[in-house]
Amino acid sequence: MTDHPRDTRFFGQPGVLANLFGVELWERFSFYGMQGILLIYLYYSAAQGGLGIDEGTAAQIVGAYGGAVYLSTVLAAWLADRVLGPERTLFYSAVVVMLGHIALSLLPGLLGVGVGLVLIAIGSGGVKANASSLVGTLYDEGDTRRDAGFSLFYMGINIGALIGPLLTGVLQKEWGFHAGFLAAAVGMALGLVQYTIGRRGLPEHSHHVANPLPAAKRRGYVVGGVVALVVVAALVALGVISAERLANIVIGAVVVATVAYFAIILRDKDVTGVARTRVLAFIPLFVCNAVFWSLYQQQFTVVTIYSDKRLDRDLFGWEMPVSWVQSINPVFIIALAGVFAALWTRLGRRQPSTPLKFGVATVVMGLAFFLFLLMPAGAGSAPLLGLVGILLVFTIAELLISPVGLSMTTKLAPPKYTTQMMALFFLSISLGTAMAGTLAGYYDESSEGPFFFWVGLVAVITGLVVVAISKPIKRLMAGVD
């Protein structure tokens with residue numbers, strides 16, 4: 001049972017949701033603020049303050065980094081379930097995120113990129129997996145407020161995602177990239193202060209270590225971790241791990257981790273009956289989610305390049321920063337998240353099933369890519385309002401799948417694997433994000449029609465397949481809506 005079964009202090013939700021809402025807001029401020037200027041920092045020339053990396057390679061780095069963020073949720077979930085508990089893992093992860101942004105803002109060139117992105121990826125994975133998992137602990141299994149609560153939590157994410165690129169974009173334009181990166185570090189520091197003040201209000205079981213690692217085994221895991229770091233460092237030194245291969249390496253790592261995770265959970269003798277069928281139901285939704293995010297995360301690769309090269313960014317004689325495009329989607333999320341939350345609350349048990357929402361969302365995402373085909377050709381010719389309309393379609397698709405997916409995962413998870421099932425959900429996003437980086441390598445702004453058509457078509461077909469099999473999936477979910 002939750003510690004706050006009748007608590008409605010935060011817009012009808014448990015009051016402690018406000019603290020998780022806040023820390024995620026500031027973490028997203030720093031994350032999206034940095035990511036809004038990261039790609040152009042990588043491929044802009046030195047004269048423009050950038051590093052002058054090839055555009056395709058830069059897109060792969062961004063995709064690989066984004067995939068690594070979600071891949072690191074596996075480590076964070078393991079630490080939460082076996083060593084620290086979700087609450088402490090969340091706190092220490094936020095500290096690592098702040099250190100990463102400081103490194104990116106203060107260290108020069110590729111050194112800052114390497115150190116900063118590794119720390120941010122590891123820390124952000126810990127915040128993501130555990131903040132969402134802690135939200136799930138605030139509700140009983142039958143509490144119909146759960147989807148609405150996750151939608152409100154998602155609104156906090158997007159308030160940060162709105163403000164971050166606006167501020168870092170102006171700072172980058174006026175004072176350079178490192179000023180923008182420093183603003184992201186300050187934002188994460190503010191999030192840590194806010195979270196520290198309110199962390200004591202979380203339920204007692206948020207500190208619980210679900211499956212403690214025996215003391216006798218800890219040394220072996222530490223040695224294994226050190227060996228893994230040495231191997232990775234050696235592969236980098238030998239050139240096996242390179243910028244051009246990063247996205248594909250992350251894709252391979254995610255596939256291996258996903259298969260291993262599903263095997264571990266399904267082979268556990270404690271996961272039987274209803275718990276087992278619910279995990280099986282998660283598999284097709286995992287695939288659908290990965291396809292969805294391989295398109296959605298193009299906002300940080302192809303859409304960024306499109307905004308830089310193809311978009312008319314003139315606003316009454318002033319050129320809008322490229323990163324400001326990243327704030328369009330959060331505006332729509334903030335405007336519509338409450339509408340979707342109210343809709344799901346009003347419909348209650350009459351709302352569409354989760355598999356149906358997943359399928360429709362992926363179809364809509366594919367249709368959004370078809371809309372790019374209607375935009376006029378030529379450098380600087382695409383109208384801003386046209387892209388705003390396309391990103392509105394992105395948003396509708398996102399609200400059908402992302403907060404719903406977070407909620408679904410907490411309901412489908414076997415009690416023994418609550419946080420690690422959340423990591424599996426984020427692995428599907430990791431796979432999609434890394435694929436977005438790989439796909440972006442095929443984008444050519446001078447001949448973009450085939451890219452938008454084929455990528456959109458794959459998403460539409462995937463979504464229609466999930467819609468067609470939504471009833472069998474729902475039966476496997478065994479009572480979870």
Side-chain angles (χ1 to χ4, degrees), residues 32-45 47-50 52-56 58-59 62 158 161-177 180 295-336 364-398 436 439-453 455-456:
Y32 284 108
M34 179 276 289
Q35 194 146 315
I37 59 177
L38 176 61
L39 179 60
I40 57 174
Y41 174 60
L42 294 175
Y43 75 71
Y44 270 18
S45 67
Q48 296 172 294
I53 297 174
D54 172 75
E55 192 176 284
V62 172
N158 284 281
L162 163 65
I163 300 172
L166 293 177
L167 181 58
T168 58
V170 170
L171 291 173
Q172 175 267 319
K173 190 175 177 66
E174 300 297 329
W175 288 287
F177 285 98
L295 275 70
Y296 180 84
Q297 294 291 62
Q298 299 290 347
Q299 287 188 82
F300 305 109
T301 52
V302 168
V303 174
T304 296
I305 298 171
Y306 189 91
S307 302
D308 184 33
K309 305 289 184 69
R310 292 270 288 102
L311 188 66
D312 178 3
R313 291 182 283 114
D314 181 76
L315 293 178
F316 309 105
W318 179 73
E319 187 177 60
M320 181 183 80
V322 175
S323 68
W324 279 27
V325 171
Q326 306 300 333
S327 291
I328 296 172
N329 169 254
V331 168
F332 288 132
I333 291 286
I334 293 166
L336 297 176
V364 173
M365 195 68 232
L367 295 177
F369 269 61
F370 289 161
L371 293 177
F372 278 104
L373 300 173
L374 304 179
M375 299 282 267
S381 63
L384 179 59
L385 283 179
L387 184 58
V388 168
I390 291 172
L391 292 176
L392 171 61
V393 180
F394 271 49
T395 303
I396 292 170
E398 181 186 3
L439 288 171
Y442 296 98
Y443 173 73
D444 178 1
E445 63 265 19
S446 65
S447 181
E448 61 194 11
F451 175 86
F452 289 128
F453 175 77
V455 171

Evaluate whether atom CZ of Phe453 has more than 12 neighbouring non-hydrogen atoms of other residues, nucleotides or ligands under 6.0 angstrom away.
yes
Once you measure the plane-to-plane angle for Tyr306 and Phe452, does it fall in the parallel (<30°), tilted (30-60°) or perpendicular (>60°) bin?
perpendicular
When every non-hydrogen atom of Ser446 is compared with those of Asp444, the smallest separation belongs to OG-OD1, 2.8 Å
Inter-residue atom distance Leu162.CG - Leu166.CG, 0.5 Å rounding
5.0 Å
Where is the tightest heavy-atom contact between Leu373 and Gly449, given as atom of each residue plus distance?
CD2-O, 3.4 Å
Answer yes when Glu448 and Lys309 have at least one side-chain N-carboxylate O distance shorter than 4.0 Å, and no when they do not.
no
Which pairs with one or both residues in residues 374-396 pass side-chain hydrogen bond (donor to acceptor under 3.5 Å, both in side chains), sequence neighbours excluded?
Arg310-Ser381, Asn329-Thr395
Does the ring-ring contact (aromatic ring centres under 6.0 Å, His included) test come out yes or no for Phe451 and Tyr443, once each step is laid out?
CA-CA 6 Å; Phe451 175 86; Tyr443 173 73; 5.6 Å; yes
To the nearest 0.5 Å, how far apart are CE in Met365 and OH in Tyr296?
8.0 Å
Heavy-atom distance under 4.5 Å between the side chains of Phe394 and Ile328, does that happen here?
no
Of all heavy-atom pairs linking Arg313 and Ser307, the shortest is NE-O, 3.0 Å
Only one of Asp308, Thr304, Asp54 clears side-chain hydrogen bond (donor to acceptor under 3.5 Å, both in side chains) with Tyr43; which?
Asp308
Measuring from atom CD of Glu319 to atom CH2 of Trp324, what distance do you get when rounded to the nearest 0.5 angstrom?
12.0 Å
Heavy-atom closest pair, residues Pro165 and Ser323:
O-OG, 3.0 Å
